[in-house]
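Below is one structure; the comments refer to it alone.
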Amino acid sequence: MKITMKRNKKDYTENKINVYQICLVALAVGINIVGGQIALFMKLPVYLDSIGTILTGAVLGPWFGMLPNLISGIFMGMTVDIYSLYFAPVGMITGIMSGLVFRKLSVKKVKVLFAAVLITVPGTIVSSVINAVLFGGVTSSGSSILVQLLSRTPLGLTGSIFAVQFLTDYLDRCISVFAVSVFVTMLGGELRQRLTGNVHNRAI
């Protein structure tokens, strides 16, 4: 009878957000902000603001994966980079896709290039539309330079935005997925159980 009561209590608490999950989301937000600032400062053709998002999605699942870019997008949009606020939905989609991809694929056997494609495409479509409609291909990212150069070719402005957006997004996701794959593979079993809320009560 006592064992049954403890199991019910465990099942109830596992459905709650625990401290470890909150800390991971906060860490992911910090990683996104730092990475985004490095890319912005150095005018890199990649963004580096999705590593924390993909990490959260990979460890905690798709719904948690939405949170880091939502929070970091709002913070950066109100402080140093207004474009981050407009592109926050892209990061949220990336977080969802990361959770789904890492749930279906074994982390130890994940193919970075294939996983990056699955994570990239949905967000790139949304990102390209936002970029083309709202900003005409000119944002704070270093990729804007590539867009302006290619716009003088037969691709035109719209074609250049889509082409550059996919290439830069894909390169960015490859870097992020590789880094997350290495980290998650090295993650200890007990810590991962605590993060996912699957720590079993050893008391009988």
Does [X] share a hydrophobic cluster with [Y], counting links as ILVMFWY side-chain heavy atoms below 4.5 Å and allowing steps through other members?
| X | Y | result |
| --- | --- | --- |
| F178 | I31 | yes |
| L118 | V112 | yes |
| L167 | I161 | no |
| M186 | I51 | yes |
| V133 | F166 | no |

Q37 side chain vs V34 backbone, donor-acceptor pair below 3.5 Å: no
Which value, rounded to the nearest 0.5 Å, describes the distance between [X] atom [atom1] and [Y] atom [atom2]?
| X | Y | atom1 | atom2 | answer |
| --- | --- | --- | --- | --- |
| D172 | T124 | CG | OG1 | 9.5 Å |
| N18 | L195 | CG | CG | 7.0 Å |
| L60 | L67 | CG | CG | 9.0 Å |
| I175 | L44 | CD1 | CG | 8.5 Å |
| S84 | I74 | OG | CD1 | 11.5 Å |

Side-chain contact, heavy-atom cut-off 4.5 Å: [X] with [Y]?
| X | Y | result |
| --- | --- | --- |
| L113 | C174 | yes |
| S98 | V101 | no |
| F75 | T79 | yes |
| V126 | F87 | no |
| Y47 | D169 | yes |
| R173 | I54 | yes |
| T94 | M97 | no |
| V184 | L55 | yes |

For I125, give me all partners under side-chain contact (heavy atoms from CB on, under 4.5 Å), at least two apart in sequence or on another chain. V121
Quick one, L24 with Y20, criterion side-chain contact (heavy atoms from CB on, under 4.5 Å). Give me CA distance, side-chain angles, the key distance, then yes/no. CA-CA 6 Å; L24 180 62; Y20 294 92; over 6 Å; no
Is it true that the side chains of T53 and N32 contain a donor and an acceptor less than 3.5 Å apart? yes
Starting from the C-alpha separation in whole Å, work towards a yes-or-no answer on side-chain contact (heavy atoms from CB on, under 4.5 Å) for L85 and M76. CA-CA 7 Å; L85 183 61; M76 291 183 67; over 6 Å; no
Tell me if the centroids of the rings in F135 and Y86 come within less than 6.0 Å of each other. yes
For [X] against [Y], the heavy-atom pair lying closest together:
| X | Y | answer |
| --- | --- | --- |
| P68 | G52 | CG-O, 4.2 Å |
| I82 | G77 | CD1-O, 3.4 Å |
| I93 | G123 | CG2-N, 3.9 Å |

Just checking Y170: does its OH atom have more than 12 heavy atoms from other residues, nucleotides or ligands closer to it than 6.0 angstrom? yes
Please report the C-alpha distance between N69 and S72 in whole Å, then the side-chain angles of each, then the deciding distance to 0.1 Å, and finally whether the side-chain contact (heavy atoms from CB on, under 4.5 Å) criterion is met. CA-CA 5 Å; N69 255 93; S72 62; 4.3 Å; yes
